[in-house]
Amino acid sequence: MVEVIDMREPGPFLSWRGILAGAVAGSALSFVLMSLGIAGGLSLLSPWPGQSHGWLALSVAAAWALIVTIASFLIAGFVAARVRPRASDVPPDEVEFRDGLQGLVTWGVCVLFGGLIAAGIGSAALHAGTSAIAKFSSASSSPLSAIVSTLSTPPEGKPVTNVQLLTREEEKTIEAVFMRSFGNEHLVPADRTLVSSIVAAKAGIPIAEAQTRVDQAYTDAIAALDKAKKATELSGLLTGIGLLIGLAAAWYGGVRGGNSRDNNVPARFRFRAF
C-alpha cells in the first residue's frame, strides 16, 4: 500500500494583512519622528550671527534620519510578523525565515509607497507651480544665476547708475555657454569672446578686463556645478545605505515579531535585546 503524503501548505506563506498593517505602523512612526526631528533641527538654525549651528544641525539630522529609518522599519517588520497567522508543522528555521521574509516584503511595500508618494508630491508641485513659473519666468533657478548676475558689476569707482544689468536672455546665453563647457578647464576661444563682449558692453569695461572677469566666473561656475554634483551623489549614496540598513532592521523586526507570536509573549511594551 502506497502512503500518500499531504504536501499542501497548512497556512499562508505571507500575510498581506500583516504586511499592510506593518507598513502603516512603520510609515506613521516615521512621519511622527521626522516631524520631531525637523522641529529639533530648526531650533539649531538662526538668522542671527553666532546663534546658528549649521554643522551641528547637519550631523544631528543625519544621525536622526538613521534612527528614524531603523526604528520605523523595525516596528514595521515586527508588526507584520506578529499578526501573521502561526504556521503549523513547519520547522523552526523555516518559520524564522518566513517571518524575516514577511518583514522584507513589508520593507518593500514601505519603500514603494514612499516612492509613489514622493513622485505624487513632485508631480503635484510641478503642476501647481506651472502658473508661478510662467508668471516669474524672468527669475532664474539655475545654480549659476548668482555667479552670472555679478558679471555686469561696475568697476570700482564707477557709478552703478551708468551700468546696465544683464537681461534674462543674456544670462541664459552665458549659462548655456558655461554648461556646454562643463568638463573643460577653460572656455573655448569663441565662447570666451562671446561672453566677454556681452560683459564688456554691459559693465562698460575694456574687453581684456571682461575676459579676466569671465574666466574667474567660469572657474566659480565649474566649482559650483561640481559641488552640486557631489551633493547629489552623496545624497543618493546615503539614501541607499539607509534603505539597506532599514531592510536589515525590517528583517530582524520580523524575526522578533514571529518569536513573540509563537512564544505567546503578552502584548505589552517591553524592552529586551533578545
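In this structure, D262 and R86 have side chains that are in contact, with non-hydrogen atoms separated by less than 4.5 Å. The side-chain heavy atoms of D215 and R192, taken from C-beta on, include a pair separated by under 4.5 Å. Side-chain contact between I67 and L33 is absent, with no heavy atoms from C-beta onward closer than 4.5 Å.
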Can you give each donor-acceptor pair under 3.5 Å made by side-chain atoms of residues 70-81, sequence neighbours left out, with the distance rounded to 0.1 Å?
from	atom 1	to	atom 2	distance (Å)
S72	OG	V68	O	2.7
S72	OG	T69	O	3.2

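Partners of E96 according to the side chain to side chain contact (heavy atoms under 4.5 Å, CB included) rule, which considers only residues two or more places apart in sequence or in another chain, are V255. Among residues two or more places apart in sequence or in another chain, the side chain to side chain contact (heavy atoms under 4.5 Å, CB included) test is passed with D220 by I147, Q216. Taking the ring pair (Phe, Tyr, Trp, His ring centres under 6.0 Å) definition, one finds that F31 meets it with nothing, sequence neighbours left out. Under the salt bridge (charged side-chain N to carboxylate O under 4.0 Å, His left out) criterion, E233 pairs with K229, not counting sequence neighbours. Taking N263 as the reference, N259, V265 meet the side chain to side chain contact (heavy atoms under 4.5 Å, CB included) condition, with sequence neighbours excluded.
Here the closest heavy-atom approach between residue R84 and residue S15 is recorded as CG-CB, 3.7 Å. Closest of all the heavy-atom pairs between L101 and W251 is N-CZ3, 3.7 Å.
A single hydrophobic cluster is not seen to contain both V83 and V109; linkage of ILVMFWY side chains at heavy-atom distances under 4.5 Å, directly or through other members, places them apart. In this structure, L29 is not a member of the same hydrophobic cluster as I245, with clusters built from ILVMFWY side-chain heavy atoms closer than 4.5 Å. Taking hydrophobic clusters as Ile, Leu, Val, Met, Phe, Trp and Tyr residues chained together by side-chain heavy-atom distances below 4.5 Å, W16 shares a cluster with F97. L66 and L234 are members of different hydrophobic clusters when ILVMFWY side chains are connected at heavy-atom separations under 4.5 Å. With hydrophobic clusters built from ILVMFWY side chains whose heavy atoms lie under 4.5 angstrom apart, M34 does not share a cluster with L238.
Taking 4.0 Å as the cut-off between side-chain N and carboxylate O, R256 and D99 do not count as a salt-bridged pair. The pair E175-K172 does not meet the salt-bridge criterion, since no charged nitrogen lies less than 4.0 angstrom from a carboxylate oxygen.
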Between R261 and V95, is a side chain to side chain contact (heavy atoms under 4.5 Å, CB included) present by the stated rule, with each step listed? CA-CA 11 Å; R261 177 200 63 229; V95 173; 3.7 Å; yes

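Between I207 atom CD1 and T193 atom OG1 the span is 7.0 Å, to the nearest 0.5 Å. Atom CG in L194 sits 4.5 Å away from atom CD1 in I198 (nearest 0.5 Å).
Of the possible donor and acceptor atoms, one in the side chain of W107 sits under 3.5 Å from a partner among the backbone N and O of L243. The backbone N or O of A231 lies less than 3.5 Å from no partner atom in the side chain of S235, so there is not a single donor-acceptor pair.
The one candidate from V111, I19, L14, L20 that meets the side chain to side chain contact (heavy atoms under 4.5 Å, CB included) condition with T106 is I19.
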